[in-house]
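To start, the structure itself, in structure tokens.
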Amino acid sequence: MIQIIASDMDGTLLNDKMVISKENASAIKRAQAAGVHFIVSTGRGYTEIKPLIKDAGINCPLITLNGAQIFDENGRILSSSPIHDQLSSKIIHYLKKKKLYFEVVTSKGIFSDNKAKRIENFAELLTNVSPETPYKLAVTMAAARMELMNINYIDRYQKLVDDDHISIFKIVAFSNEGHKVLDPIKDEIQQYENLIVTSSSSSNIEINHINAQKGAALQAYADKLNVPMDNVMAIGDNNNDISMLKVAGVSYAMDNAITEVKQLATRLTASNTKDGVGKAIDELLNED
């Protein structure tokens with residue numbers, strides 16, 4: 001019997017409009033009403049997630065920043081795994097040297113040092129998940145969405161490292177050229193101690209402390225509830241979901257998932273544009 005359901009967001013729970021569909025939200029609520037614990041497990045930060053689940057009428061615990069922070073349904077921090085300051089400084093210096101645009105996710109929110117570049121990145125993400133969306137419209141939508149996400153802007157990221165009141169949890173680097181540019185950088189950064197590098201799309205790499213992994217966070221959450229992993233279900237589509245799909249007793253890959261995720265998962269559901277999360281949840285509920 002499934003007691004916990006964990007779902008990724010981008011490419012999984014979110015559709016091509018970057019929102020949670022009514023069908024997905026309804027399935028989650030049915031699961032919760034049946035006594036199943038639903039938890040979001042994402043690379044996104046708390047301030048990015050909360051408006052999305054609130055708009056869908058969902059309240060649940062959150063595994064954020066690939067496992068760097070875990071929150072209960074009331075927004076209280078259950079655990080955190082920041083990147084040490086010296087290592088953060090080293091990563092920032094290296095990415096600047098490589099002339100990559102990147103963002104820094106901290107205990108005080110998400111920081112960018114280039115507003116135009118952030119809007120451009122988000123617009124390209126929208127056109128990737130919804131190719132029929134004209135680029136100019138995507139830019140307008142991206143600019144509007146940025147206002148809702150409480151993004152912070154700073155002229156130098158080193159100021160974040162130097163601030164004793166701020167912890168850095170994740171650094172995300174972007175490139176429209178994808179694997180060609182990012183793979184060598186990923187390989188280099190993975191040589192640093194106490195880091196793990198994953199991705200949530202072909203156009204980014206996500207750098208976290210080695211302890212910040214979705215699988216470890218999901219295991220810790222299940223342990224807290226005394227739920228065996230055989231009774232845990234996880235749903236995902238990309239590289240940063242692999243660790244949680246491995247530990248879950250039942251794992252679903254989205255139809256739009258990368259090949260590695262499809263090969264690993266025990267089951268397949270519809271794509272994120274066709275309410276795949278809701279379909280997977282209803283399938284499990286009907287079995288129980």
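- With hydrogens and angles ignored, the 3.5 Å screen pairs no side-chain donor or acceptor of Q32 with any backbone N or O of C60.
- Residues meeting the ring pair (Phe, Tyr, Trp, His ring centres under 6.0 Å) test with F111, sequence neighbours left out: none.
- Summarising the geometry of I235 relative to M244, their closest heavy-atom pair is O-CE, 3.4 Å, with the distance given to 0.1 Å.
- With ring centers used as reference points, Y46 lies under 6.0 Å from F71.
- The shortest side-chain heavy-atom distance between V36 and Q3 does not fall under the 4.5 Å cut-off.
- Contact record, L100 with A173: CD1-CB, 4.0 Å, taken as the closest heavy-atom pair.
- Residues S200 and E206 have side chains that bring a donor and an acceptor to within less than 3.5 angstrom of each other.
- In this structure, N114 has no side-chain hydrogen bond (donor to acceptor under 3.5 Å, both in side chains) partners at least two apart in sequence or on a different chain.
- Counting heavy-atom neighbours within 6.0 Å of K29 NZ, excluding the residue itself, gives a total above 12.
- Shown are I4, V250, I39; of these, the side chain to side chain contact (heavy atoms under 4.5 Å, CB included) with V232 is made only by I4.
- The salt bridge (Lys or Arg N to Asp or Glu O under 4.0 Å) analysis of residues 185-197, with sequence neighbours excluded, yields no pairs.
- Shown here is E260, whose CD atom has no more than 12 heavy atoms of other residues, nucleotides or ligands within 6.0 Å.
- In this structure, CD1 in I53 is found 9.5 Å from CG in L13, a value given to the nearest 0.5 Å.
- Residues E73 and P61 have side chains in contact (heavy-atom distance under 4.5 Å, counting atoms from C-beta outward).
- With rounding to the nearest 0.5 angstrom, the NE2 atom of H179 is 9.0 Å from the OG atom of S203.
- Looking at every heavy atom in both residues, A25 comes nearest to A56 through CB-O, 3.7 Å.
- In this structure, the side chain of N15 does not engage the main chain of D275 through any donor-acceptor pair within 3.5 Å.
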- Stepwise, does the side chain to side chain contact (heavy atoms under 4.5 Å, CB included) test hold for I210 with L195? CA-CA 4 Å; I210 190 67; L195 290 179; over 6 Å; no
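- No side-chain heavy atom of I171 sits under 4.5 Å from any side-chain heavy atom of V105.
- By the neighbour-count criterion of 12 heavy atoms within 6.0 Å, atom NZ of K108 is sparsely surrounded, having that number or fewer from other residues, nucleotides or ligands.
- At least one side-chain heavy atom of R44 sits less than 4.5 Å from a side-chain heavy atom of D10.
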Show me, pair by pair, the donor-acceptor contacts under 3.5 angstrom made by side chains of residues 252-259, not counting sequence neighbours?
from : atom 1 : to   : atom 2 : distance (Å)
Y252 : OH     : R267 : NH1    : 3.1
Y252 : OH     : E283 : OE2    : 2.4
N256 : OD1    : N272 : N      : 2.9
N256 : ND2    : G11  : O      : 2.9

- Query: What do the steps show when you test T64 against E48 for side chain to side chain contact (heavy atoms under 4.5 Å, CB included), and what is the final call?
  - Reply: CA-CA 10 Å; T64 72; E48 288 182 290; over 6 Å; no
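- Taking both residues in full, the closest heavy atoms of V277 and S7 are given as CG2-OG, 3.7 Å, listed atom of the first, atom of the second, then distance.
- Taking all atoms of both residues into account, the shortest heavy-atom contact from S199 to I205 is CB-CA, 4.4 Å.
- The shortest distance between side-chain heavy atoms of E103 and F174 falls below 4.5 Å.
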- Start with the C-alpha gap between Q213 and N66, add the side-chain angles, then the distance that decides, and say whether side chain to side chain contact (heavy atoms under 4.5 Å, CB included) holds. CA-CA 5 Å; Q213 298 188 53; N66 294 329; over 6 Å; no
- Item | Chi angles and distances behind the salt bridge (Lys or Arg N to Asp or Glu O under 4.0 Å) call for K214, D8 | CA-CA 9 Å; K214 290 185 179 184; D8 170 51; 3.0 Å; yes
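- Of all heavy-atom pairs between A217 and I63, the closest is CB-CG2, 3.7 Å.
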In residues 80-99, what donor-acceptor pairs under 3.5 Å come from side-chain atoms, sequence neighbours left out?
from : atom 1 : to   : atom 2 : distance (Å)
S88  : OG     : H84  : O      : 3.2
S89  : OG     : Q158 : OE1    : 3.1
K96  : NZ     : D113 : OD2    : 2.5

- For I242 and V261, run side chain to side chain contact (heavy atoms under 4.5 Å, CB included): C-alpha distance rounded to whole Å, both residues' side-chain angles, the deciding distance at 0.1 Å, then the answer. CA-CA 7 Å; I242 288 174; V261 166; 4.1 Å; yes
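- Evaluation of the side-chain hydrogen bond (donor to acceptor under 3.5 Å, both in side chains) test over residues 33-42, restricted to residues two or more places apart or in two chains, returns none.
- We find the CG-CD1 distance between L52 and I58 to be 10.0 Å, quoted to the nearest 0.5 Å.
- Counting only distance, with no hydrogens or angles, the side chain of D72 and the backbone of R76 share a donor-acceptor pair below 3.5 Å.
- Looking only at atom types and distance, the side chain of T12 has a donor-acceptor partner in the side chain of D237 under 3.5 Å away.
- Atom CG of N204 is separated from atom OH of Y101 by 12.0 Å, given to the nearest 0.5 angstrom.
- Inter-residue side-chain proximity for L268 and K262 is flagged as met; some heavy-atom pair is nearer than 4.5 Å.
- Interatomic distance, CD1 of I20 versus CG of D55, reported as 8.5 Å (0.5 Å rounding).
- The neighbour count for K224 NZ, taken as heavy atoms of other residues, nucleotides or ligands under 6.0 Å away, does not exceed 12.
- In this structure, D282 CG and E23 CD are separated by 10.5 Å, a value rounded to the nearest 0.5 Å.
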